[in-house]
Every structure is written in C-alpha cells, then in structure tokens.
Visitor: 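Structure in structure tokens, see below.
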Amino acid sequence: VVIFNLVIVELCRQGRLQEAFHVFISEMPGRSTPDVVTYNVLIDALCKDGKLDLARKMLRDVIQAGIRPTVYTYSSLINGLCKNHQLDHAKNMMEEMISRGCNPNVVTYNTLVDAYFTQGRTDEAYVVLEDMAESGCHPTMVTFNVIIKGLSRSGRIDEGYKVLDEMIDKGFVPVARSHNILVDALVVTFTLLADGLSKTGKLDAAFGVLRMMEDPQCRCNHDVTSFTVVVDGLCKAKCLGEAEEVVDAMPDHGTSPDVVTYSALINGYCKAGNVDRGYHLLRELGTKADVFSYSAVLDGFCKEKRLQEAWDLLKEMRSLGCTPNVVCYNAVIDGLCKAKLLEEAYHLYQEMDDHGCTPDVVTHNNLLLGLTILGKVEHSLTHVEEMIRHGNKFSSGW
RNA sequence: AUCACUGGGAUAUUUUC
C-alpha cells in the first residue's frame, strides 16, 4: 500500500489527478487494498483542485467502506471548504468530525483560524483560538503566523503583538519540534510582517524588518520572498527608482530576483504609466515570463489604449506556449469595451471559450459595462439571460 | 516507512477633486 500511496502522492503533487485516479481505480485492485492514507491523499488532491463535491462523496465512500476517517481526512476537507469560501460548511464539518469521535488537532484549528481572519471575521477567529486552548491543544508557529497575517493585513500589527503577548502570558506558547523548523517558521513570520507593513505604506518599517532578518543575532536569513514584498510595496507607492535599487542590491544580500519580483516591478511601471519600461523588463525575462508578467503588460497597454500591441502580445503568449488565462483575457476585453469596440470584445469572449478558458465574474462585468457605455440596456439583459442559461450563479461577487 | 494548516506579483465594480 505504501508504495502505491507514494506513487499517488507524487502524481497528485504534479497535478496529474487523472493518472492518480487511474492508479487507484485500475491498478490497485488485486495488488493491494487502499487504506485511509490513500483516501486522504485523493481527498486532499480533489479539494485543492476545487472538486469539493467529489471530495465529500469520497468521504462518504470511506465511511461506507467501514474505514474510519482520520484527522487528516477531515482537515483536508475543512481546508478545501475554507479555501473555496465555504467557511460555514467548514465549521459544520468540524462539528461532524467531533460527533464522529475524531478530535481536531492544531492543523485543523489553524486552518479555521486562518480562514476566519482572511474573511475578516475576526471575532470568530478568536473564538476558535479559545476553543483550541480549551481543548488543550498547543499552538505552533503556524498558529502565530496565521494571527500575524490576519491582523497585519488590515494594518493592525500592534493588536497582533498584543494578542501574541497575551497568549504567551497565559502559557499558550508555540511548540516546535526542532530548531530548524523554528527558524524556517520565523522567516515566514518576518516576511508576513514586512508584507503587512509595506502593503499599508509603512515602507521604512518594512525595511527595518528586512534588516532585522539580516542581523546575525537573528540568523533567519531573508530570501527572495521577503525582498519581493518590499519591492512590491515600493512599486505600489510609486517609488519605482527605489524599487529597482532594491532589486539590484539583492545579490549583495545573497538572493536574486525571480519571476515574481520582476512581475511586481513590471506591474509597477505599467500602473505608473511607463508601459514601455514594463515591456522592456518583460523582454528581459524572456521565456521565464509567466501569465502574471504578461497580464500586467497587457493591462498596461489596454489602459493606454494601445490595443493593437495588447492583441499582438496575447498572440505571442499563445505561440510561446504560455497559455493566457482569464485574467489576461479580461484585461484585453476591458480595454476593448472601454474603447467601445464591443464587436471585438465579444470575439475575444468567444475565443477564450474556444481555448477552453472559462469566463468569470469579471469577464461578464466588463462586457455588461461595455454594453452600458453604448447604452444598449436591452442587450445587457440578453447577456444576463445567456449567463443564467450557462449555469452562472449570482454569488457574493455580485 | 507514505497524507492535512501559515509568507511575495496580474484583470472589472467600489459618488477621488
């Protein structure tokens, strides 16, 4: 079983779900019997692929087969539900697991706390933390990181420190199995802090965090990610010269920029109205450029009404095998709509479908706005009817 | 022996003067 499990894990990790299920369905029977771990791995993979209904069905299968689901099984499902904005279902799942005699552990709690914070439901996050303490479950560094992330994103870093202090006062102290694990977690902690600070415009403080990381006393070296959060912060603050200086200085600090760093810069230039510089950096990236780098430039061109160049870039992506996703199409559709080129916009809308790219809320909003600009209200209604016919749900995004 | 939780980049709308 273990061998099969290892194979399935590897296939799932590479996103080869089909093949993983093939092994499970056609190759395992007769050779060995799937165990909980086999199911756990498949359920987790289904969740990460957004196939929550199938994952839940599999949980039922497990129970029906007389196998006891473990805390892994439930944690995977809860995580899947959380990441797909079904927080309340996640909470129900937690109750279900308890009623079935399976107790949640740190990971389960961390997952829920993170979800509540990310959804801005801070009070409920604290309730879960209390439940966790009550159940005698010790927090880990991940717990602390989740709290820091939750509070620093909304500019409430001081509150974050306060919460952590209180936890420590009460003896609710993170446990780590080894020194290395602790240091790795601290890198995440510092990066979260730097990110929270730079996203709220406190760039000096963000630099301070970077310097702290560099301090030999601290011994948790910053990496590409910690630099990139600062670079992005500088870009968003329109300090592009400084951002480039930081990028150039990275090698002196033991790291070098990657696609993400470059994309942050590219986006910064495009948003600041210097698309040409953005385009130039895209060329520097060469084949390392990904959908993010391209979409930043596509949007830049569109906002400047340089639609021909956007169009050519979109074609270039296809020919280079960097398949455009919804965001790329949306950026161009928006440009076309705002330029009152509705026909072309609908062409592209058709085209994305032909390329197997599913339109999302933003796509439809763009097209509806385009119709509105031209005063074609009745067409908007037709479009909405069409959407409903294709099974679109009007959810919270609306 | 194999499985679950936390860190960086892109697109629309959100009465800016």
Side-chain angles (χ1 to χ4, degrees), chain A residues 1-10 12 35-45 47-48 70-80 82-83 105-115 117-118 140-150 184-185 187-196 198-199 223-233 235-236 258-268 270-271 290-300 302-303 325-335 337-338 360-370 397-398:
Chain A
V1 216
V2 177
I3 307 290
F4 275 108
N5 288 347
L6 284 169
V7 171
I8 294 178
V9 167
E10 194 46 38
C12 290
D35 63 2
V36 227
V37 176
T38 321
Y39 285 104
N40 289 347
V41 172
L42 291 171
I43 286 177
D44 187 56
C47 285
K48 299 221 159 98
T70 64
V71 64
Y72 282 85
T73 326
Y74 287 111
S75 298
S76 292
L77 274 161
I78 289 174
N79 187 37
C82 286
K83 298 278 143 67
N105 66 9
V106 226
V107 173
T108 327
Y109 285 116
N110 288 344
T111 307
L112 265 181
V113 173
D114 181 46
F117 271 124
T118 347
T140 59
M141 281 304 294
V142 173
T143 319
F144 277 40
N145 286 342
V146 160
I147 295 172
I148 290 175
K149 176 179 114 183
D184 285 350
V187 179
V188 177
T189 313
F190 279 113
T191 308
L192 280 167
L193 281 173
D195 190 37
S198 76
K199 277 193 171 47
D223 52 14
V224 219
T225 305
S226 27
F227 272 99
T228 303
V229 301
V230 176
V231 168
D232 185 49
C235 287
K236 299 262 154 72
D258 64 5
V259 223
V260 179
T261 321
Y262 268 96
S263 301
L265 251 188
I266 290 174
N267 187 43
C270 291
K271 288 278 177 326
D290 65 7
V291 267
F292 282 77
S293 347
Y294 273 104
S295 60
V297 179
L298 284 172
D299 184 56
C302 288
K303 295 264 153 65
N325 65 3
V326 231
V327 176
C328 299
Y329 285 109
N330 287 347
V332 181
I333 288 178
D334 180 55
C337 285
K338 297 220 165 114
D360 65 2
V361 223
V362 177
T363 322
H364 290 115
N365 267 346
N366 287 340
L367 290 167
L368 289 172
L369 193 73
W398 294 78

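Every chain is numbered from 1, with letters handed out A, B, ... down the list of sequences. Only heavy atoms go into these numbers, but all of them, side chains included; no hydrogens, no water, no symmetry mates.
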Visitor: Would you mind classifying the nucleic acid contact of Thr111(A) as base, sugar-phosphate or nothing, using non-hydrogen atoms under 4.0 angstrom?
Guide: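 Thr111(A): backbone/sugar contact only, no base atoms under 4.0 Å.
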Visitor: Check every strand shown and say whether Val259(A) touches a base, only sugar-phosphate, or nothing at a heavy-atom separation below 4.0 Å.
Guide: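 Answer is base: heavy atoms of Val259(A) come under 4.0 Å of a base.
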Visitor: Base, sugar-phosphate, or nothing for Ser76(A), non-hydrogen atoms under 4.0 angstrom?
Guide: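 Sugar-phosphate, backbone atoms only, no base.
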Visitor: Checking Ala45(A) now: which residues fulfil side-chain contact (heavy atoms from CB on, under 4.5 Å) with it, not counting sequence neighbours?
Guide: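 So Ala45(A) forms a side-chain contact (heavy atoms from CB on, under 4.5 Å) with Cys12(A), Leu17(A).
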Visitor: With sequence neighbours left out, what residues match Tyr39(A) under ring-ring contact (aromatic ring centres under 6.0 Å, His included)?
Guide: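 With sequence neighbours excluded, Tyr39(A) shows a ring-ring contact (aromatic ring centres under 6.0 Å, His included) to Phe24(A), given in chain and number order.
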Visitor: In chain order, what residues pass the side-chain contact (heavy atoms from CB on, under 4.5 Å) check against Asp290(A), with sequence neighbours excluded?
Guide: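 Once residues adjacent in sequence are excluded, the partners of Asp290(A) under the side-chain contact (heavy atoms from CB on, under 4.5 Å) criterion are Val259(A), Ser263(A), Phe292(A), Ser293(A).
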Visitor: In whole Å, I'd like the distance from the CG atom of Leu6(A) to the C1' atom of A1(B).
Guide: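 In whole Å, A1(B) C1' lies 8 Å from Leu6(A) CG.
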Visitor: Give one of base, sugar-phosphate or nothing for Thr108(A), where a contact means two heavy atoms less than 4.0 Å apart.
Guide: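 The answer is nothing, as Thr108(A) stays clear of every strand by at least 4.0 Å.
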Visitor: Considering every strand and a 4.0 Å limit on heavy-atom distances, what is the contact class for Val146(A): base, sugar-phosphate, or nothing?
Guide: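 Counting heavy atoms under 4.0 Å across all strands, the contact made by Val146(A) is with sugar-phosphate only.
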Visitor: Please state whether the base of A10(B) and the side chain of Asn325(A) form at least one donor-acceptor pair under 3.5 Å?
Guide: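 Indeed there is one.
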Visitor: Which ranges of RNA chain B pair up as stems, where a stem means three or more consecutive Watson-Crick or G-U pairs with both distances under 3.5 Å?
Guide: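 Result, WC/G-U stems under 3.5 Å: none.
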Visitor: Checking all strands, does Val2(A) fall into the base, sugar-phosphate, or nothing category for heavy-atom contacts under 4.0 angstrom?
Guide: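 It contacts base atoms.
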Visitor: I'd like to know if Ser295(A) reaches the base of A10(B) with its side chain, counting only an N/O donor and acceptor under 3.5 Å.
Guide: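 Side chain to base: pair found, below 3.5 Å.
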Visitor: Check every strand shown and say whether Thr73(A) touches a base, only sugar-phosphate, or nothing at a heavy-atom separation below 4.0 Å.
Guide: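 No contact at all - Thr73(A) keeps every heavy atom at 4.0 Å or more from the nucleic acid.
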Visitor: At 4.0 Å (heavy atoms only), tell me whether Val332(A) reaches a base, stays on the sugar-phosphate, or touches nothing.
Guide: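 Touches nothing.
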Visitor: Taking only residues two or more places apart in sequence, or in another chain, which ones meet Val36(A) in a side-chain contact (heavy atoms from CB on, under 4.5 Å)?
Guide: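 By the side-chain contact (heavy atoms from CB on, under 4.5 Å) rule, Val36(A) matches Asn40(A), Ile67(A), Thr70(A), Thr73(A).
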Visitor: Listing time: all N or O pairs from protein to nucleotides 14-16 of chain B that are below 3.5 Å?
Guide:
none

Visitor: Does Asn366(A) make a side-chain donor-acceptor contact with the base of A12(B), cut-off 3.5 Å?
Guide: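 Answer no: no donor N or O sits under 3.5 Å from an acceptor.
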